[in-house]
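Only one structure is covered here, and it is reproduced in the block below.
Only a predicted model underlies this, so the values are computations on that prediction, with no experimental measurement involved. Throughout, a chain's letter reflects where its sequence line sits, starting with A, and its residues are numbered from 1. In what follows, every heavy atom counts, from backbone to side chain, and hydrogens, waters and symmetry copies are set aside.
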Number of protein chains: 2
Amino acid sequence: MTLQAHGAARGRAPRSGEELLFLTDDQLRQGIELMFFAYQAFTSDADRILEGQGLGRAHHRALHFIGRCPGLTVAQLIDILGVTKQSLNRVLRQLVDRDLVESRVGATDRRQRNLFLTPAGIALERQLSEAQRERVRRAWRDAGSEAVAGFRRVLEGMMDPDKRARVRALMAPPGTGG
Amino acid sequence: MTLQAHGAARGRAPRSGEELLFLTDDQLRQGIELMFFAYQAFTSDADRILEGQGLGRAHHRALHFIGRCPGLTVAQLIDILGVTKQSLNRVLRQLVDRDLVESRVGATDRRQRNLFLTPAGIALERQLSEAQRERVRRAWRDAGSEAVAGFRRVLEGMMDPDKRARVRALMAPPGTGG
DNA sequence: CTTGGAATGTCAACAAGGCTGACGTAAACT
DNA sequence: AGTTTACGTCAGCCTTGTTGACATTCCAAG
């Protein structure tokens, strides 16, 4: 498991100041597996809570982002989640039926629907994300702040640039210039 | 529902030597979202290749780990993937039918099946993981080696300890003591 | 040799959660 | 007035997960 730099030493001209990363296929594969295993563990917490409640991972994701951005529109949520409106709509309808989410007609544009969590929705979302937060909190605490910074940089770098930009714009509330 | 670190400064006794992380709910939530978005991007590459081929993400995962650990048994693969034998068996049968995977009767224990990639399987697995490797490679290169070390530490820390141990044992070939 | 249990394969039925296509409605834009 | 946009919805399909039940094969213990 120890990352051997397999082949010959090639292309090692050191980048000025920065050390050049020597990335073997083996190391990259380990990174890929780490993503898989970490995500598997990461989703297991909320899944456990949701099971038997008639809700699933899809509902959790919707609850999360509605809680995160109260009033966001259906189209925005579709873009974030990367699903079709039909798929999201099924989930959303179930959440509204259970009084976890409220869908209000848009104020300026009345075609739009602005989504909000109800008190019950807020409570469930808190419960769900608390499980995940606890896992992330522990991992971060054990890894240290430098590792956390690296974690963030790498994960951000893995996103598609345009998606990252759109998410940034949505997540950052309007008045986040300073 | 505890968690309001927001307000007063409490529990701030600095850990000796190590800097104490101030983990607000907000920071943790950002970390959670980062996991979601990065994983979303991360899986999209292989998904694109697989679409229309009659294969899906489940097949990719199986191919990956069979390629990684040639000869591993069905039970080991079930443990790695965290699915039922029925679910895995369907995927495996499709892979065998397409001559991407070979299932050999175990040498020592003939109840077991040892799984291997065929040449065609190796080719497909390479193509799939190359897409993912490219994404990871770019993210790592842009982030620098320290960030990569942090990325790894945090993701490893997110895994369940027993799962991590089992995976380590499986992934490290028998003679990886030195 | 018989029997129990472990590892595996397989069939059936079902559910969650994706997808496409088609259609409807209301509101906004031009 | 006509077109486009945002959303809801119905119908049908696919992948991939689940449980339950049962057959097979083989190792190991009695």
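Map A/Lys85 and B/Arg111 each onto its nearest nucleotide of DNA chain D; the residue landing nearer the 5' end is A/Lys85. Heavy-atom distances to DNA chain C give each of A/Arg110 and A/Ala58 a nearest nucleotide, and the one nearer the 5′ end belongs to A/Ala58. Each of A/Val91 and B/Ser103 was assigned the nucleotide of DNA chain C with the nearest heavy atom; the assignment lying further toward the 5' end belongs to B/Ser103.
Between the side chain of A/Arg133 and the backbone N or O of B/Asp25, no donor-acceptor pair lies under 3.5 Å. Judged purely by atom type and a 3.5 angstrom limit, B/Arg104 has no side-chain atom pairing as donor or acceptor with the backbone of B/Phe116. A donor-acceptor distance shorter than 3.5 angstrom exists from the side chain of A/Thr118 to the backbone of A/Leu100, with no hydrogens or angles considered.
Contact annotation: A/His59 does not reach the phosphate of C/dA16 (side-chain N/O to OP1 or OP2, under 4.0 Å). Distances shown here put a side-chain N or O of A/Arg93 below 4.0 Å from the OP1 or OP2 atom of D/dT9. For the OP1/OP2 pair of D/dG17 and a distance below 4.0 Å, the side-chain nitrogens and oxygens of B/Thr84 include no atom meeting the criterion.
Following rounding to the nearest Å, A/Leu88 (CG) and C/dG18 (P) show an atom-to-atom distance of 9 Å. Counting to the nearest Å, the C1' atom of C/dT20 and the CG atom of A/Asn89 are 15 Å from each other. The interatomic distance linking A/Leu77 (CG) with D/dG8 (P) rounds to 11 Å, in whole Å. Across the protein-nucleic acid pair, B/Gln53 atom CD and D/dT15 atom P stand 13 Å apart, rounded to whole Å. The CG-P distance, from A/Asp47 to C/dA16, rounds to 14 Å in whole Å. Distance, A/Arg57 CZ to D/dT18 P: 11 Å, rounded to whole Å. When rounded to the nearest whole Å, the span between CG of B/Asn114 and C1' of D/dC26 equals 15 Å. Distance B/Leu55 CG to C/dG18 P: 21 Å, rounded to the nearest Å.
Taking the six-membered ring where the residue is Trp, B/Trp140 and B/Phe151 present perpendicular rings, their angle passing 60° and hence far from 30°. Under the 30°/60° scheme for interplanar angles, the aromatic rings of B/Phe42 and B/Tyr39 are found to be tilted.
In the set D/dC7, D/dG17, C/dG18, the nucleotide with an atom closest to the side chain of B/Arg61 is D/dG17. Here C/dT8 is the nucleotide among D/dG17, C/dT8, C/dG17 with the atom lying nearest to any side-chain atom of B/Thr73.
In this model, a side-chain donor or acceptor of A/Arg90 finds a partner on the base of C/dG17 within 3.5 Å. In terms of polar N and O atoms assigned as donor or acceptor, the side chain of A/Gln86 never comes within less than 3.5 Å of the base of D/dG8 in a complementary pairing.
Residue A/Gly54 is classed as having no contact, given no heavy-atom separation below 4.0 Å to the nucleic acid.
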